[in-house]
Amino acid sequence: MTSSPSHPLAPLEAESQGERAQATREMFSAIAPRYDLLNHLLSLNIDRSWRRRAVDRLDWDARPGGSYLDVCAGTLDLAIEIAGRPEFTGHVVAVDFSQAMLRNGIPKIARRPVAPVCADALRLPAVSGGFDGAMVAFGVRNLADIDAALVELRRVLRAGARLVILDFALPMRQPLKWFYRFYFTRLLPFAGRVISKHSHAYKYLPESVLRFGRPEELGACLAAAGYREVDWKLVTGGIACIWWGTA
Ligand SMILES: C[S@@+](CC[C@H](N)C(=O)[O-])C[C@H]1O[C@@H](n2cnc3c(N)ncnc32)[C@H](O)[C@@H]1O
């Protein structure tokens, strides 16, 4: 990305990147046992439909027997969403750098073709051009260097394969804007702290979304990382957004 250092999605300095990555890994590992409960509770279960809609954007049905990648896979809900589709005959490699998050997802895999791998999104242990599609749900916001991750994801995608990103956005229309900000910055941190017993993870969530910027900015990062046909769609009144681009 050709942004100034003050741009919300600009990469951090190398030293801060290491610190940020470690803090992020520790935070998710600490909340891992309560992550699913809080996800579904605090989103009123809407997160499930957002993941369904993200998978619908992946064009996986053009290659139902292909290899797909879920990065920042957490407790594996997105990987399971695609691997559980009746017509899906391929497999999903689900990468996360928190073992605790992956471990909490493993019982949900059952017999679906999902392979959890503990690795960093910025250094994927995969050959170039090997995947037919990649997805990241609620993960890019946490990355220390979004631009580098987008380039790394493009490296492992075959030419013509799609990357789909799902993350929070901020509704811009009243009254949803007011209500959502109140919920997101007041109620959610309180409920998150009580249930997860983690002092700041659910304060970090709204802060990172507020810092994340407008959907156009991630769209520009995708284009700068070399993706074609970049586009995005706001969902649920702009509470979340799905971006996609072709490698
Ligand atoms: C909010 S969770 C999202 C989990 C899952 N995708 C979902 O839809 O619920 C973000 C995940 O990204 C992972 N993560 C953050 N930075 C990462 C990195 N550099 N490499 C791999 N995983 C990372 C965290 O460990 C965490 O599990």
Side-chain angles (χ1 to χ4, degrees), residues 9 11-12 14 16-43 45-55 57-58 68-84 92-106 108-109 114 116-126 134-153 156 163-168 184 188 192 196 198 200-209 211-212 235 240-243:
L9 304 187
L12 302 168
S16 331
Q17 280 187 20
E19 284 167 18
R20 160 93 77 93
Q22 191 178 340
T24 303
R25 186 166 45 240
E26 284 171 5
M27 183 182 75
F28 281 105
S29 298
I31 63 169
R34 295 284 169 121
Y35 178 82
D36 282 352
L37 170 71
L38 274 161
N39 240 359
H40 304 321
L41 191 72
L42 296 176
S43 76
N45 237 357
I46 303 174
D47 61 311
R48 292 182 199 274
S49 78
W50 291 338
R51 288 195 193 81
R52 271 200 298 277
R53 292 173 73 164
V55 167
R57 286 277 172 197
L58 193 60
Y68 293 88
L69 183 63
D70 177 11
V71 169
C72 298
T75 55
L76 307 176
D77 280 359
L78 190 65
I80 289 168
E81 173 57 37
I82 178 170
V92 186
V93 176
V95 171
D96 199 286
F97 68 6
S98 162
Q99 267 191 26
M101 288 291 278
L102 292 173
R103 216 179 295 121
N104 275 275
I106 286 171
K108 296 186 286 184
I109 296 176
V114 174
V117 173
C118 191
D120 193 326
L122 297 168
R123 284 176 297 276
L124 293 168
M135 326 171 271
V136 190
F138 308 110
V140 287
R141 198 172 13 92
N142 302 297
L143 295 168
D145 189 341
I146 294 177
D147 301 324
L150 294 177
V151 169
E152 176 65 345
L153 279 159
V156 301
L163 169 66
V164 174
I165 295 172
L166 164 66
D167 218 307
F168 288 107
F184 210 48
L188 182 142
S196 75
H198 193 279
H200 59 269
Y202 287 85
K203 193 163 164 281
Y204 164 82
L205 170 61
E207 282 170 2
S208 65
V209 174
R211 214 178 33 234
F212 192 39
V235 292
C241 185
I242 300 169
W243 294 258

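Atoms within each ligand, like the ligands themselves, are counted from 1 in listed order.
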| message | Can you list everything that forms a salt bridge (charged side-chain N to carboxylate O under 4.0 Å, His left out) with K108? Sequence neighbours excluded, please. | response | D36, D77
| Ring geometry between F184 and F168 (parallel below 30°, tilted from 30 to 60°, perpendicular above 60°) | tilted
| field | Note, L143 side chain near C72 side chain (heavy atom, < 4.5 Å) | value | yes
| task | Please state whether the rings of F138 and W50 are parallel, tilted or perpendicular, taking 30° and 60° as the class boundaries. | result | tilted
| request: Verify the distance criterion only: is there a donor paired with an acceptor across the side chains of S196 and R34 at less than 3.5 Å? | output: no
| request: For the pair E152 (side chain) and L124 (backbone), establish whether a donor and an acceptor sit closer than 3.5 Å, ignoring hydrogens and angles. | output: yes
| Sorted by chain and number, the residues that approach ligand 1 to under 4.0 Å with a heavy atom | T24, F28, Y35, N39, R51, C72, A73, G74, D96, F97, S98, M101, A119, D120, A121, A137, F138, N142, L143
